[in-house]
Amino acid sequence: MDYNLKSLKAEEFIHDGEIRDTLRWAEEHKSDLPLIRSLLDRAEDCKGLTHREAAVLLKCEDEELRQRMYALAARIKDRFYGNRIVLFAPLYLSNYCINGCRYCPYHGQNKHIPRKQLSQEEIVREVTALQDMGHKRLALETGEDPKNCPIEYVLESIQTIYGIHHKNGAIRRVNVNIAATTVENYRRLKEAGIGTYILFQETYNKPQYEYLHPTGPKSDYAYHTEAHDRAMEGGIDDVGLGVLFGLNLYDYDFVGLLMHAEHLEAVHGVGPHTISVPRLRRADDIDPDQFDNGISDELFEKIVAILRIAVPYTGLIISTRESQACRQRVLKLGVSQISGGSRTSVGGYAEDEEEDSSQFEVSDRRTLDQVVSWLLDEGCIPSFCTACYREGRTGDRFMTLCKSGQIVNCCHPNALMTLKEYLEDYAAPETREKGLRLIERETEKITNPKVKETVIRHLHDMEGGMRDFRF
């Protein structure tokens, strides 16, 4: 079986031999400083790097070149995403699950965790609480259980969420992180109006994957790994990748992740819309010390920076698994989306969260307003924008605009207008004052006179109660 990035078979586009050859080559060339400098020189054109080229950067131990990588990642992030940081929250619908994943407390053999599925009435309460925080974008999360959490339940829940309007609140985009499913079910999700379909691989190493998933539908490595192809066949333009660092050797999964991105680009003409970089965390019935593959904060930052260099157009997501200090460091290295005020249990927003029902331990426990205030202090624009999904700027259309640099003409003004909505409706007085000062500064940076004039008019209109302006 040979490596073939255009194949639709998992073991051919995520080829074990190619990954191992890549890691050997990277180890052999990690001290070839002229080679690494030439790669960084070429990466300055923001066209990205191959999995093999990125692997040698990951192995490089030269401190001067590491700092150059960080500086380059910051420049690339600024070029495509500016100082905008998109905010979202996870919403857990159900923790019923029939899989046997060794790292997840939802595994079917766990008798400690209370099992729950939100009713549509409970979803209304959860979403109302999220709207009262100021959220506009959600990521739906469920366990895999065809009986207790069928696709029909997920579709009904999406319809419920889009129909909830409380005061000035509205969830404008629902992203979905559910188990691998069929092309037909992906078509149904597309018709329901989802944004990005997100599915983490956990690990690309097949033997380790099969050990970690001994029972249940998720134990089928190929079916899981090929899910994004089926999602795209089903009409979903934007898909999200991710591995769970700590389950397997980090360098193997780093290479596999980039090979998966290259495969999607080669087959479908557009790579992943987002890449998530979670790390294993403690949870009920799960001790991360059983996995001897943890990575340090320093290595984690390096991974984020090299991903930004290798896949410059892809959104990078970091969740509240990570501490405030860690999230602060990686903001400048390429991260473009973060969660805020998150709860990782079913029903955790409307009521006090039950510690033993969370999927994983949250490290950053600040409220959404505290996160917004912190981002403002960092000189970032907290963005609640969902305009690209609603204007049809998805898939290759989004990537074309992003690669040309034209997306900034939409994203920057939309970020400012959605921030103004948040400041008017939800912010604490101190946050509001800081945000208004930032909007005034950032509005002056808009170079298109007509766009600038329109933004200023809409910002004023919001003070009179109007909402939901977008380019």
Side-chain angles (χ1 to χ4, degrees), residues 46 73-88 133-137 168 172-173 308 312-313 315-318 327-328 330-338 340 368-391 393 398 401-402 404-471:
C46 299
R75 288 196 299 276
I76 292 174
K77 194 268 179 179
D78 185 67
R79 173 172 173 179
F80 293 107
Y81 291 92
N83 57 344
R84 302 178 299 281
I85 299 292
V86 171
L87 289 156
F88 73 96
M133 294 181 196
H135 278 294
K136 306 294 184 190
R137 178 190 300 234
N168 283 331
R172 297 172 181 161
R173 186 50 52 202
R308 172 51 64 219
Y313 319 117
L316 294 183
I317 300 176
I318 189 169
R327 300 215 298 176
Q328 186 161 358
V330 297
L331 275 181
K332 309 298 184 186
L333 298 178
V335 166
S336 56
Q337 295 187 29
I338 66 172
L368 177 61
D369 194 71
Q370 288 171 330
V371 171
V372 169
S373 179
W374 162 67
L375 289 173
L376 292 169
D377 289 339
E378 293 295 311
C380 299
I381 306 173
S383 174
F384 297 86
C385 181
T386 59
C388 282
Y389 296 111
R390 299 161 80 202
E391 292 294 325
R393 293 190 293 266
F398 172 85
L401 285 169
C402 190
S404 69
Q406 296 303 308
I407 197 70
V408 68
N409 295 324
C410 302
C411 291
H412 186 242
N414 286 335
L416 295 178
M417 291 188 293
T418 58
L419 173 59
K420 181 66 179 291
E421 283 187 329
Y422 175 84
L423 300 177
E424 292 294 324
D425 293 336
Y426 308 105
E430 181 182 354
T431 305
R432 186 176 188 276
E433 289 304 312
K434 285 193 289 189
L436 291 175
R437 290 196 296 271
L438 180 135
I439 287 173
E440 185 176 359
R441 294 195 304 270
E442 292 290 335
T443 302
E444 291 303 311
K445 298 179 182 178
I446 299 174
T447 56
N448 186 308
K450 290 185 177 179
V451 172
K452 185 174 182 180
E453 178 186 352
T454 302
V455 169
I456 292 172
R457 183 173 70 252
H458 289 336
L459 291 171
H460 178 74
D461 290 340
M462 287 180 201
E463 296 171 9
M466 297 179 69
R467 296 291 181 271
D468 199 13
F469 298 105
R470 63 182 185 270
F471 286 92

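As the structure is a computational prediction, the values presented were derived from the model and not from experiment.
- Between the side chains of Asp369 and Tyr422, at least one donor-acceptor pair of N or O atoms lies under 3.5 Å.
- Between Asp468 and Arg390 there is a salt bridge, since at least one side-chain N of the basic residue sits less than 4.0 Å from a carboxylate O of the acidic one.
- Among all heavy-atom pairs drawn from Ile76 and Cys46, the shortest one is CG1-SG, 3.9 Å.
- From Glu424, atom CD reaches atom CE of Met466 across 13.5 Å, with rounding to the nearest 0.5 Å.
- Counting heavy atoms from C-beta on, the side chains of Trp374 and Leu331 come closer than 4.5 Å.
- Judged by distance alone, with hydrogens and angles left aside, the side-chain atoms of Thr443 form a donor-acceptor pair with the main-chain N or O of Ile439 at under 3.5 Å.
- No donor-acceptor pair under 3.5 Å is formed between the side chain of Asn414 and the backbone N or O of Ala387.
- Taking each heavy atom of Ala73 and Leu333 in turn, the nearest pair found is CB-O, 3.5 Å.
- Annotation: side chain to side chain donor-acceptor pair (under 3.5 Å) contacts involving residues 445-456, sequence neighbours excluded, comprise Glu442-Lys445, Glu444-Lys452.
- In this structure, Gln337 and Phe88 have side chains that are in contact, with non-hydrogen atoms separated by less than 4.5 Å.
- Of the charged side-chain nitrogens involved, at least one lies within less than 4.0 Å of a carboxylate oxygen, so that Arg467 and Asp425 count as a salt-bridged pair.
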Could you go through the side chain to side chain donor-acceptor pair (under 3.5 Å) check for Lys434 and Ser373 one step at a time?
CA-CA 8 Å; Lys434 285 193 289 189; Ser373 179; 2.5 Å; yes

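- Annotation: the span from Cys385 atom SG to Phe471 atom CZ amounts to 11.0 Å, rounded to 0.5 Å.
- Expressed to the nearest 0.5 Å, how far CD1 of Ile85 lies from OG of Ser383 amounts to 9.5 Å.
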Between Glu421 and Arg172, does the salt bridge (Lys or Arg N to Asp or Glu O under 4.0 Å) criterion hold? Intermediate values first, please.
CA-CA 13 Å; Glu421 283 187 329; Arg172 297 172 181 161; 3.0 Å; yes

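- Here the NE2-CZ distance, from His135 to Phe384, works out to 7.0 Å after rounding to the nearest 0.5 Å.
- For Glu430, the CD atom counts as loosely surrounded, since its 6.0 Å shell holds 12 or fewer non-hydrogen atoms of other residues, nucleotides or ligands.
- Among Leu419, Ile381, Leu375, the one residue that satisfies the side-chain contact (heavy atoms from CB on, under 4.5 Å) test with Arg84 is Ile381.
- Put simply, the side chain of Leu459 reaches to within 4.5 Å of the side chain of Met417, judged on heavy atoms.
- Inter-residue side-chain proximity for Leu416 and Ile446 is flagged as met; some heavy-atom pair is nearer than 4.5 Å.
- Atom CE in Met462 sits 11.0 Å away from atom CG in Asn168 (nearest 0.5 Å).
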If you apply the rule side chain to side chain contact (heavy atoms under 4.5 Å, CB included), what do you find for Lys136 with Thr418, and how did you get there?
CA-CA 9 Å; Lys136 306 294 184 190; Thr418 58; over 6 Å; no

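- Residues Gly315 and Ser336 share a closest heavy-atom pair of CA-OG, 3.3 Å.
- Side-chain contact between Val371 and Leu87 is present, with at least one heavy-atom pair separated by less than 4.5 Å.
- Residue Arg308 comes nearest to Gly334 through the heavy atom pair NH2-O, 2.8 Å, listed as atom of the first residue, atom of the second, then distance.
- Between Lys77 and Gly82, the closest heavy-atom pair is NZ-O, 2.9 Å.
- Proximity of a side-chain donor or acceptor of Asp78 to a complementary backbone N or O of Ala74 within less than 3.5 Å is not detected.
- Summarising the geometry, atom NE2 belonging to His458 is positioned 12.0 Å from atom NZ belonging to Lys420; distances are rounded to the nearest 0.5 Å.
- For the residue pair Phe80 and Tyr313, the shortest heavy atom distance occurs at CZ-CE2, 3.3 Å.
- Within the 4.5 Å cutoff, side-chain heavy atoms of Arg327 are placed close to those of Ile338.
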